[in-house]
There are 2 protein chains.
Amino acid sequence: MSRGTIVDIANELKISPSTVSRALRDHPDISKKTKHRVIETAERLDYFPDSLAQGLKSRKTNTIGIIVPEIRHHYFSSAISGIEEVTYRSDFTIMVCQSNEDYQREEINLRALVSNRMAGLLISISQTTTSGGHFDILRRRGIPIVFFDRINDSIEGSQVIVNDYQGAFDAASHLAERGYKRIAHIAGPSTISIGRNRFLGYRDALEQHDLPFSSELVVEGGFRENDGKVGINKLLSLSKKPDAVFAVNDPVAIGAYSVLKERKFKIPDDIALVGFSNNPISALLEPPLTTVNQPSYEIGKTAASLLLEQIHSEEKHPVPVIKEYQTQLIIRKSS
Amino acid sequence: MSRGTIVDIANELKISPSTVSRALRDHPDISKKTKHRVIETAERLDYFPDSLAQGLKSRKTNTIGIIVPEIRHHYFSSAISGIEEVTYRSDFTIMVCQSNEDYQREEINLRALVSNRMAGLLISISQTTTSGGHFDILRRRGIPIVFFDRINDSIEGSQVIVNDYQGAFDAASHLAERGYKRIAHIAGPSTISIGRNRFLGYRDALEQHDLPFSSELVVEGGFRENDGKVGINKLLSLSKKPDAVFAVNDPVAIGAYSVLKERKFKIPDDIALVGFSNNPISALLEPPLTTVNQPSYEIGKTAASLLLEQIHSEEKHPVPVIKEYQTQLIIRKSS
DNA sequence: ATGAAAGCGCTAACAG
DNA sequence: CTGTTAGCGCTTTCAT
């Protein structure tokens, strides 16, 4: 089991560890000849720099923490892909955790990442996270944070988001303009930014189109496929069923979609359906799903760039930045 | 910017750092009273254990490295989800890298993970990785490795795989038994285990069903959606087109699928299609895709458990284990 | 152009 | 039950 440290190289060459360290980092003071000898010996001894020792010494690491509700959801895995793409080019590595939509687990993940001395955090909060108190430790330690998608207003931090309100407004308006009269909404938790904003966009679109708002047409749930199934079943049990449904995101829309198919409802003739996210799957359904595009990969890249900027910034507490992407309604055959 | 180290706690309480360290780790030698005082002070001073220092001291970390071709592909994000689920419960964190199907990038990722002193590696190799020389550093340093999905035989390591050969054999046999005569295969790289084995299963199934093997019916490509598009276009340009296609995986099948739809071929009447992976999307297509089930989430969990076992094992070089999951043909309407 | 020495935060002999 | 000491691997003044 080989080792190979800077000291080993130094002993081998009868020079001091500090010279080796400098040679390895291409310090101008060191002679070409010494550098060559050091590099050669380093390879021969199978030397690998120890990031732990470097981090301990310098009091900083090249590790970025990421916390998302669930890695396997397309939106998040796509964002993580984008993040990795950016961090890779800056020689940072990512530590990825999932909260499983659970506030406590989010907190535990956060502590683990702080212990690992992450240089910064990228997070999309869990659907059960209502207060942001646990993020205080980051501020106290000067660790920058960038929220993406699901933000938390109670703590200072940069944000990369989309105009959820407008996207939802467009989606619901589209349904109204198509002539649907009883437009329902399978909503996300109202405690979460995107849940609240998409609901507000929906509500205001109805008002704008002189459609009555009816609370029985709004069912609140989570962000997963199963929440869509539960939601649509509730709506279908109404004495006056909706003729169109706007779902808070694509997983929820797809849950509703599969129930509708199973129960032999024709989409869009019996019930129209609109989602939000533009998961790749939505285009391949039959009929393909009308949805609101959210560039998850790009959002990941932007969030990572923003975080890296703040990490490299001299400010101990950089001014929070908010980047808002514009959504785009993609009209397909389901509406 | 607060700090709070063991030494700070020690100074505060006028005791020694070692006592604090022991109290924090609930060492039996330390009195209840001291422990309480330490814990209380630790909280007051916002103490966080420093994993870097611990790792440097103990020469081991609680970090697992993961390298996959692309995080955003469903198969991999699902496996990563499973891995995280297991490592989370064992207080390990995961560092996730993507190779982008590029051998060189895989190597760079590997070096970064070694520098970070990962305790073990989980990897699905890139499609351009043909030799396993770069994994030698792991053996030299006693870092256990578990391959999943795409393995590399040239290096010793445990493996979590599925019976690719049998799965492919079943898929192609199914097409033969349905009466298709010109069954094509959009194959993966023959240099990669799963590409080779799935091809062999296909070839042997034809033979078993007395169908002639024709090399013009086999087009080799990569594992991505676009490879499916390219592949199907090649097949459609043959003077004698195939009447059925078996794709190396679901992304490739879906690429083919979208071209077929675009070009107005009826599935399965004009051309039947079978995939491999059982991505959730495959069930929702119209017609839904016949495919071979591969439990990616479970595979991730198993691979992680296996790796943790080896990490905790006393053996410096644990005997490699091979776990093979059985695939399952899922017959839907596309065949 | 190179070396000596100190220290990042923590733990584990060893000593008492 | 608690303290002293040394050291994990590296970088960085401060000499020379």
Side-chain angles (χ1 to χ4, degrees), chain A residues 1-39 41-42 45-63 111-112 114-119 141-142, chain B residues 1-39 41-42 45-63 111-112 114-119 141-142:
Chain A
M1 208 156 314
S2 89
R3 316 228 260 104
T5 73
I6 277 185
V7 175
D8 296 332
I9 300 174
N11 291 340
E12 186 89 1
L13 296 174
K14 311 279 185 223
I15 58 179
S16 82
S18 34
T19 302
V20 175
S21 173
R22 284 187 273 244
L24 252 14
R25 338 188 92 236
D26 204 24
H27 192 289
D29 275 1
I30 307 296
S31 71
K32 280 249 176 284
K33 184 162 148 259
T34 308
K35 277 181 188 166
H36 277 129
R37 298 206 307 144
V38 166
I39 308 259
T41 313
L45 296 189
D46 199 26
Y47 170 77
F48 265 70
D50 187 325
S51 299
L52 301 186
Q54 288 174 324
L56 182 59
K57 182 92 234 301
S58 65
R59 301 147 134 296
K60 57 192 167 66
T61 66
N62 280 232
T63 304
R111 301 182 73 84
V114 170
S115 267
N116 277 287
R117 295 289 180 262
M118 63 171 164
R141 306 179 103 77
Chain B
M1 209 156 313
S2 89
R3 315 227 263 103
T5 72
I6 277 186
V7 175
D8 296 332
I9 300 175
N11 291 340
E12 186 89 1
L13 296 175
K14 312 280 185 223
I15 59 180
S16 83
S18 38
T19 303
V20 174
S21 173
R22 285 188 272 246
L24 251 16
R25 338 187 92 237
D26 204 24
H27 192 289
D29 274 1
I30 307 297
S31 71
K32 282 247 175 283
K33 185 159 148 262
T34 308
K35 278 182 188 167
H36 278 131
R37 299 206 307 146
V38 167
I39 308 261
T41 314
L45 295 189
D46 199 26
Y47 171 77
F48 263 71
D50 186 324
S51 299
L52 301 186
Q54 289 174 323
L56 182 59
K57 180 92 229 304
S58 65
R59 301 147 134 296
K60 57 190 166 67
T61 65
N62 279 233
T63 304
R111 299 183 73 84
V114 170
S115 267
N116 277 286
R117 296 289 181 261
M118 63 171 164
R141 307 179 103 78

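What you see is a predicted model; the values in this text were computed from it and never measured. Numbered from 1 within each chain, the chains take letters A, B, ... in sequence-line order.
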Take the protein atom [atom1] of [X] and the nucleotide atom [atom2] of [N], then report the distance between them rounded to whole Å.
X: A/His27; N: D/dT11; atom1: NE2; atom2: P; result: 12 Å
X: B/Lys57; N: C/dC10; atom1: NZ; atom2: P; result: 13 Å
X: B/Leu24; N: D/dT2; atom1: CG; atom2: C1'; result: 15 Å
X: A/Asp29; N: D/dT16; atom1: CG; atom2: P; result: 17 Å
X: A/Asn11; N: D/dG9; atom1: CG; atom2: C1'; result: 13 Å
X: A/Gln54; N: D/dT12; atom1: CD; atom2: P; result: 10 Å
X: A/Lys14; N: C/dG3; atom1: NZ; atom2: P; result: 12 Å
X: B/Phe48; N: C/dC10; atom1: CZ; atom2: P; result: 12 Å

Heavy atoms under 4.0 Å, any strand shown: does [X] hit a base, just sugar-phosphate, or nothing?
X: A/Ser31; result: sugar-phosphate
X: B/Thr5; result: sugar-phosphate
X: B/Asp50; result: sugar-phosphate
X: A/Ile6; result: sugar-phosphate
X: A/Leu52; result: nothing
X: B/Arg22; result: base

Short side-chain to backbone donor-acceptor contact, B/Ser115 and A/Pro49, under 3.5 Å = yes
Output the distance between atom CG (A/Asp8) and atom CG (A/Leu45), rounded to the nearest 0.5 Å.
-> 6.5 Å
So do B/Ile15 and B/Val38 actually touch side chain to side chain, heavy atoms under 4.5 Å?
-> yes
Would you say the side chain of B/Thr5 lies within less than 4.5 Å of the side chain of B/Asp50, judging by non-hydrogen atoms?
-> no
Short side-chain N/O contact to C/dT11 OP1/OP2 from B/Ser58, under 4.0 Å | no
Go through the N and O atoms of the side chain of B/Arg59 and the base of D/dG7, and report whether any donor-acceptor pair is under 3.5 Å.
-> no
Has the side chain of A/Thr34 got a donor or acceptor that lies under 3.5 Å from a partner of the other kind on the base of C/dT2?
-> no
From the list [options], which nucleotide is the closest neighbour of the side chain of [X]?
X: B/Ser18; options: C/dT11, D/dG3, C/dG3; answer: D/dG3
X: B/Ile30; options: D/dC10, D/dT2, C/dC10; answer: D/dT2
X: A/Thr19; options: C/dT2, D/dT11, D/dG3; answer: C/dT2

Apply the test side chain to side chain contact (heavy atoms under 4.5 Å, CB included) to residues B/Thr61 and B/Asn116: give CA-CA distance (whole Å), side-chain angles for both, the deciding distance (0.1 Å), then the verdict.
-> CA-CA 9 Å; B/Thr61 65; B/Asn116 277 286; over 6 Å; no
